[in-house]
Q: 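First the structure, which I've put down as structure tokens, then a few questions once you've had a look.
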2 protein chains.
Amino acid sequence: MTAKNMTRAAFFVLTALADQPRHGYGILRETEELSGGEVQLRVGTLYGVLDRLTADGLIVLDREEVQQGRLRRYYRLTDDGVAALDAEAERMAAGAGAAKRRIAEGRRVRPAAEGPAGLEPPTAPGLAGGYA
Amino acid sequence: MTAKNMTRAAFFVLTALADQPRHGYGILRETEELSGGEVQLRVGTLYGVLDRLTADGLIVLDREEVQQGRLRRYYRLTDDGVAALDAEAERMAAGAGAAKRRIAEGRRVRPAAEGPAGLEPPTAPGLAGGYA
DNA sequence: TCGATATATATCGGCAGGCGATATATCATG
DNA sequence: CATGATATATCGCCTGCCGATATATATCGA
């Protein structure tokens with residue numbers, strides 16, 4: 001929707017890889033654990049995301065291991081990946097802050113009441129805080 | 001990807017409506033202004049989102065006005081809408097915080113260097129902070 | 001020993017949703 | 001008189017998420 005709009009799935013994958021390299025299945029488990037089970041990154045989503053992030057140069061294949069007869073393919077963030085994740089986190093924090101502020105701002109005019117709108121016409125139109 | 005996963009566009013619309021009722025075109029301008037031009041909610045996106053949010057009971061048609069021969073259709077948040085936006089803001093802030101923390105955590109092992117991985121095998125696997 | 005579950009990879013088709021393009025209409029500005 | 005801002009709305013393309021499915025090995029309980 002914006003310039004380089006990162007998908008949620010991509011964000012979660014990058015976050016899971018931010019502290020150390022992980023393999024696909026590890027990313028799945030880490031994401032779920034990290035969010036207390038709230039976020040569930042799906043298998044069907046994972047590999048597409050991994051391919052796209054690799055193509056975009058945000059992650060790279062770190063190494064391959066064979067543990068107990070099972071292949072593990074480890075990915076890690078590139079410098080670009082770290083930067084992208086950092087920027088996205090910044091944007092999210094800013095957006096969350098803006099939303100919170102505006103909810104509070106609206107609470108003055110809208111104290112859980114119904115009816116066409118606030119009683120007095122809104123004071124100023126757009127002065128708002130801005131995301132950043 | 002999670003339980004009730006709200007789209008970005010929906011988030012921006014709800015945020016734009018959080019302080020006062022607005023009409024479609026106003027939402028577009030407000031979103032752009034609010035983010036310093038970084039976020040551009042598209043016209044082709046807007047009305048679908050508006051319909052979906054209405055169907056979900058997160059916003060309602062507040063009123064219709066005719067200003068200088070042009071129709072303005074104002075929407076406002078419902079209580080559910082406020083709650084949903086608040087919850088989403090919380091999730092975003094938590095996610096952003098987790099990402100930031102993990103980036104810092106990884107910086108210890110990955111000081112902008114390249115090579116298969118950190119020198120010593122990562123100390124502990126998953127103790128992480130968790131989103132919330 | 002057999003079935004279920006966890007670990008681990010990967011693909012495919014359906015469907016939701018964002019976006020560019022397009023259409024229509026009014027008003028202000030150059 | 002044309003352009004651009006304001007204001008609504010629709011349509012088709014394409015990206016991307018997800019459920020289902022496939023394959024293979026190891027573990028554990030019945």
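Chain identifiers are assigned alphabetically (A, B, ...) following the order of the sequence lines, protein sequences preceding nucleic acid strands; residue numbering begins at 1 within each chain.
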Q: List the steps, then state whether side chain to side chain contact (heavy atoms under 4.5 Å, CB included) holds for B:Y75 with B:L61.
A: CA-CA 4 Å; B:Y75 293 88; B:L61 183 61; 4.2 Å; yes

Q: Is there a side-chain polar atom (N or O) of B:R42 under 4.0 Å from OP1 or OP2 of C:dG20?
A: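 B:R42 to C:dG20 OP1/OP2: side-chain N or O found under 4.0 Å.
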
Q: Within this structure, what is the CG-to-C1' distance between B:L41 and D:dA7, rounded to whole angstrom?
A: 15 Å

Q: Starting from P on C:dT9, measure out to CZ on A:R22 and report it in whole angstrom.
A: 13 Å

Q: Nearest-nucleotide wise, let me know which of B:V43 and B:G48 is further upstream toward the 5' end of DNA chain C.
A: B:G48

Q: Report yes or no: do A:R76 and A:Y74 form a side-chain donor-acceptor pair below 3.5 Å?
A: no

Q: Quick check on DNA chain C: between B:T7 and A:L46, whose nearest nucleotide comes earlier from the 5' end?
A: A:L46

Q: Check the distance between C:dG18's C1' and B:L53's CG and give it to me in whole angstrom.
A: 14 Å

Q: Nearest whole Å is fine: how far is C:dA16 P from B:D51 CG?
A: 15 Å

Q: Could you check A:T78, A:L53, A:D51, A:D80 and say which one makes a side-chain contact (heavy atoms from CB on, under 4.5 Å) with A:I59?
A: A:L53

Q: Over how many whole Å does the gap from A:E64 atom CD to C:dA8 atom P extend?
A: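 These atoms are roughly 14 Å apart.
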
Q: Are A:Y47 and A:L41 grouped together when hydrophobic residues (ILVMFWY) are joined by side-chain heavy atoms under 4.5 angstrom apart?
A: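 As far as the 4.5 Å side-chain criterion goes, A:L41 and A:Y47 are connected within one cluster.
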
Q: Are the side chain of A:R72 and the backbone of A:Q67 linked by a donor-acceptor contact shorter than 3.5 Å?
A: no

Q: Using a cut-off of 4.0 Å on non-hydrogen atoms, how would the nucleic acid contact of B:V49 be classed: base, sugar-phosphate, or nothing?
A: sugar-phosphate

Q: Between A:L28 (CG) and C:dA10 (C1'), how many Å, whole number?
A: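 Going from CG in A:L28 over to C1' in C:dA10 covers 13 Å.
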
Q: Name the closest nucleotide to the B:R72 side chain, picking from C:dA8, C:dG18, D:dT6.
A: D:dT6

Q: Round to the nearest Å and state the distance from A:L71 atom CG to C:dA10 atom P.
A: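 Roughly 7 Å, once rounded to whole Å.
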
Q: So if I take every side-chain heavy atom of B:Y25 and compare against C:dG18, D:dT8, C:dT9, which nucleotide ends up nearest?
A: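 Shortest atom-to-atom distance from the side chain points to D:dT8.
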
Q: Just how far, in rounded Å, is C1' of D:dC17 from CD of A:Q40?
A: 14 Å

Q: Relative to the 5' end of DNA chain D, which residue comes earlier, B:L50 or A:R52, by the nucleotide with the nearest heavy atom?
A: B:L50

Q: Output yes when B:R91 and B:E88 qualify as a salt bridge under the 4.0 Å nitrogen-oxygen rule, no when they do not.
A: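 Judged by the 4.0 Å cut-off on N to carboxylate O distance, B:R91 and B:E88 do form a salt bridge.
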
Q: Under 4.0 Å: is that the gap between some side-chain N or O of B:Y47 and OP1 or OP2 of D:dT10?
A: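 Answer is no, no contact under 4.0 Å.
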
Q: Under 3.5 Å between N/O atoms: give me all the protein pairs with nucleotides 27-30 of chain C, atom names plus distance.
A:
unit_1	atom_1	unit_2	atom_2	d
C:dC27	O4'	B:R70	NH2	3.2

Q: Using side-chain contact (heavy atoms from CB on, under 4.5 Å) as the criterion, list what pairs up with B:R52, not counting sequence neighbours.
A: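 So B:R52 forms a side-chain contact (heavy atoms from CB on, under 4.5 Å) with B:V49.
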
